[in-house]
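Worth knowing before you read on, the calculation uses all heavy atoms, side chains too, and leaves out hydrogens, waters and symmetry mates.
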Amino acid sequence: MLDFGNINIYVFDSAEEIGVKAAMLLSETIKENHKSNVCFATGGSPVGMYKELIKLYNEKAVDFSGIRAFNLDEYYPIQKSNSQSYDYFMKDNLFNHINIDFNNQFIPNGETKDVDKECKDYDKLIEENGGIDFQILGIGTNGHIGFNEPSKSFKANTHLVELAESTINANSRFFDSMEEVPKYGITMGIKSIMMSKRIILIAYGENKAEAIYKAFFEDVTPEMPASILQFHRNVTVLLDKGAAKLVEEKFKARNK
Ligand code: GLP
């Protein structure tokens, strides 16, 4: 582990190993508090973790029946039945395979006609439930967390966001054509993320190395949204060697 004060960085040989570690950390939290509020993420990064959580559930090593599951973001507009919606993704990759109560699964509604109300209601829901205990994050190559895209200011609350071109390009790999990629998203804001008790950020692949380096070793700026995590008191970053490339160089230089 590379220890940078409030930020612990673990470097693994493979994405599978990251998944095992991340699943272990969440299951420990759930064992300590059966009623934990967990905020899940989508994208490729947490998929290994979710596979491992299903395995642990099948081995009866973890019980999800008491948790409340929130999600960071959703495309807008999108039908829940669309196989690319994050609602579908969560059911397909995790929720349908474990015993999370269906009534305790909360994802911003990409079908809503009233986005403003949806955003306000989502923040209220998180707040009324006492905030997030365990926050899972990926990171975009542009440093976004959730769909908090690089911008002139940090947005505190859940909001509608126009997706950055780099995000649309990166996410187009999941769609049949560029036209089908939604251009907007609803994302939890920086406030709920920063108020969560514990944050786990997962990244693998060399294409994430620069974002990881800038997020944790350069200035805190809304142009690199993940950099705000430098101000959080309990962040664990799980990387493979590719994503850790520039960080490891920095660590070696520091300890010379
Ligand atoms: C997506 C999601 C983010 C995710 C990120 C990285 O657009 N909205 O929540 O963390 O981009 O995705 P991946 O893990 O596939 O690289």
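- A donor-acceptor pair under 3.5 Å is absent between the side-chain atoms of Ser36 and the main chain of Val38, judged by distance alone.
- Relative orientation of the Phe70 and Tyr122 rings is perpendicular, given thresholds of 30° and 60° on the angle between their planes.
- Around atom NZ of Lys191, no more than 12 heavy atoms belonging to other residues, nucleotides or ligands sit under 6.0 Å away.
- Salt bridge Asp13/Lys241: present, at least one basic N to carboxylate O contact under 4.0 Å.
- A 4.5 Å side-chain heavy-atom check between His159 and Asn148 finds at least one atom pair inside the cut-off.
- By the criterion of side-chain heavy atoms lying less than 4.5 angstrom apart, applied directly or through intervening Ile, Leu, Val, Met, Phe, Trp or Tyr residues, Val47 is grouped together with Leu26 in one hydrophobic cluster.
- Separation of atoms CG (Asp87) and CG (Asn82) is listed at 10.5 Å; rounding is to 0.5 Å.
- Leu238 and Leu53 fall within the same hydrophobic cluster, where Ile, Leu, Val, Met, Phe, Trp and Tyr residues are linked whenever their side-chain heavy atoms come under 4.5 Å apart, directly or through other members.
- Residues Met90 and Tyr76 do not share a hydrophobic cluster, defined by chaining ILVMFWY side chains whose heavy atoms lie under 4.5 Å apart.
- Annotation: the span from Asp121 atom CG to Ile126 atom CD1 amounts to 11.5 Å, rounded to 0.5 Å.
- Applying the side-chain contact (heavy atoms from CB on, under 4.5 Å) rule to Ala69 yields the partners Phe40, Phe95, Ile100; only residues at least two apart in sequence or on another chain are considered.
- Taking hydrophobic clusters as Ile, Leu, Val, Met, Phe, Trp and Tyr residues chained together by side-chain heavy-atom distances below 4.5 Å, Ile136 shares a cluster with Leu94.
- Across every non-hydrogen atom of Met194 and Ile228, the tightest pair is CE-O, 3.2 Å.
- More than 12 heavy atoms of other residues, nucleotides or ligands sit less than 6.0 Å from atom CD of Glu180.
- Within the cation-pi definition used here (under 6.0 Å to the ring centroid, within 45° of the axis), Lys21 qualifies as a partner of Tyr10.
- The neighbour count for Asp114 CG, taken as heavy atoms of other residues, nucleotides or ligands under 6.0 Å away, is above 12.
- Other residues, nucleotides and ligands contribute only 12 or fewer heavy atoms inside 6.0 Å of the NZ atom of Lys124.
- Counting heavy atoms from C-beta outward, Asp240 and Glu17 have side chains that stay 4.5 Å or more apart.
- Counting only distance, with no hydrogens or angles, the side chain of Ser196 and the backbone of Ile132 share no donor-acceptor pair below 3.5 Å.
- Within 6.0 Å of CD on Glu218 lie more than 12 heavy atoms contributed by other residues, nucleotides or ligands.
- Note that CG of Asn33 is 8.5 Å distant from OG1 of Thr29, once rounded to the nearest 0.5 Å.
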- Could you check Ile7 against Leu229 for side-chain contact (heavy atoms from CB on, under 4.5 Å), going step by step and ending with a plain yes or no? CA-CA 9 Å; Ile7 297 167; Leu229 301 175; 5.8 Å; no
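- Nearest heavy atoms, Phe64 versus Asn99: N-OD1, 2.9 Å.
- A donor-acceptor contact closer than 3.5 angstrom is absent between the side chains of Thr236 and Asn8.
- Heavy atoms of other residues, nucleotides or ligands lying less than 6.0 angstrom from CD of Glu248 number more than 12.
- When all heavy atoms of Glu111 and Lys80 are compared, the closest pair comes out as OE2-N, 2.8 Å.
- Using a 4.5 Å cut-off on side-chain heavy atoms (C-beta onward), Leu163 and Val161 make contact.
- A distance-only check finds no donor-acceptor pair linking the side chain of Lys91 to the backbone of Phe89 [under 3.5 Å].
- Proximity of Ile54 to Lys51: side-chain heavy atoms (C-beta onward) are nowhere separated by under 4.5 Å.
- Met188 has its side chain out of reach of Asn71: every pair of non-hydrogen atoms, C-beta onward, lies at least 4.5 Å apart.
- For the side-chain hydrogen bond (donor to acceptor under 3.5 Å, both in side chains) test with Arg68, the passing option among Asn104, Asn129, Asn103, Asp101 is Asn129; the others fail.
- For the pair Glu74 (side chain) and Tyr86 (backbone), a donor-acceptor distance under 3.5 Å is present.
- Taking a 6.0 Å sphere around OH of Tyr184, one finds it holds 12 or fewer heavy atoms contributed by other residues, nucleotides or ligands.
- Linking Ile, Leu, Val, Met, Phe, Trp and Tyr residues whenever their side-chain heavy atoms come within less than 4.5 Å places Val235 and Ile145 in a single cluster.
- Distance check: Ile212 CD1 to Asn207 CG gives 10.5 Å after rounding to the nearest 0.5 Å.
- Counting only distance, with no hydrogens or angles, the side chain of Thr112 and the backbone of Asn109 share no donor-acceptor pair below 3.5 Å.
- Considering CD1 of Ile9 and CZ of Phe216, their distance stands at 6.5 Å, rounded to 0.5 Å.
- Looking at every heavy atom in both residues, Ile186 comes nearest to Cys119 through CG2-SG, 4.0 Å.
- Closest heavy-atom contact between Ile202 and Ala22: CD1-CB, 3.9 Å.
- Enclosure of atom NZ in Lys214 is not indicated, since only 12 or fewer non-hydrogen atoms of other residues, nucleotides or ligands lie within 6.0 angstrom.
- Defined by atom type and a distance below 3.5 Å, a donor-acceptor pair is present between the side-chain atoms of Tyr75 and Asn171.
- By the 4.0 Å N-to-carboxylate-O rule, Glu206 lies close enough to Lys245 to be salt-bridged with it.
- A pairwise comparison of heavy atoms in Gln79 and Ser85 identifies O-CB, 3.5 Å as the closest pair.
- A salt bridge is absent between Lys31 and Glu28; no separation between the charged side-chain nitrogens and carboxylate oxygens falls under 4.0 Å.
- Interatomic distance, Lys197 NZ to His232 NE2, rounded to the nearest 0.5 Å: 10.0 Å.
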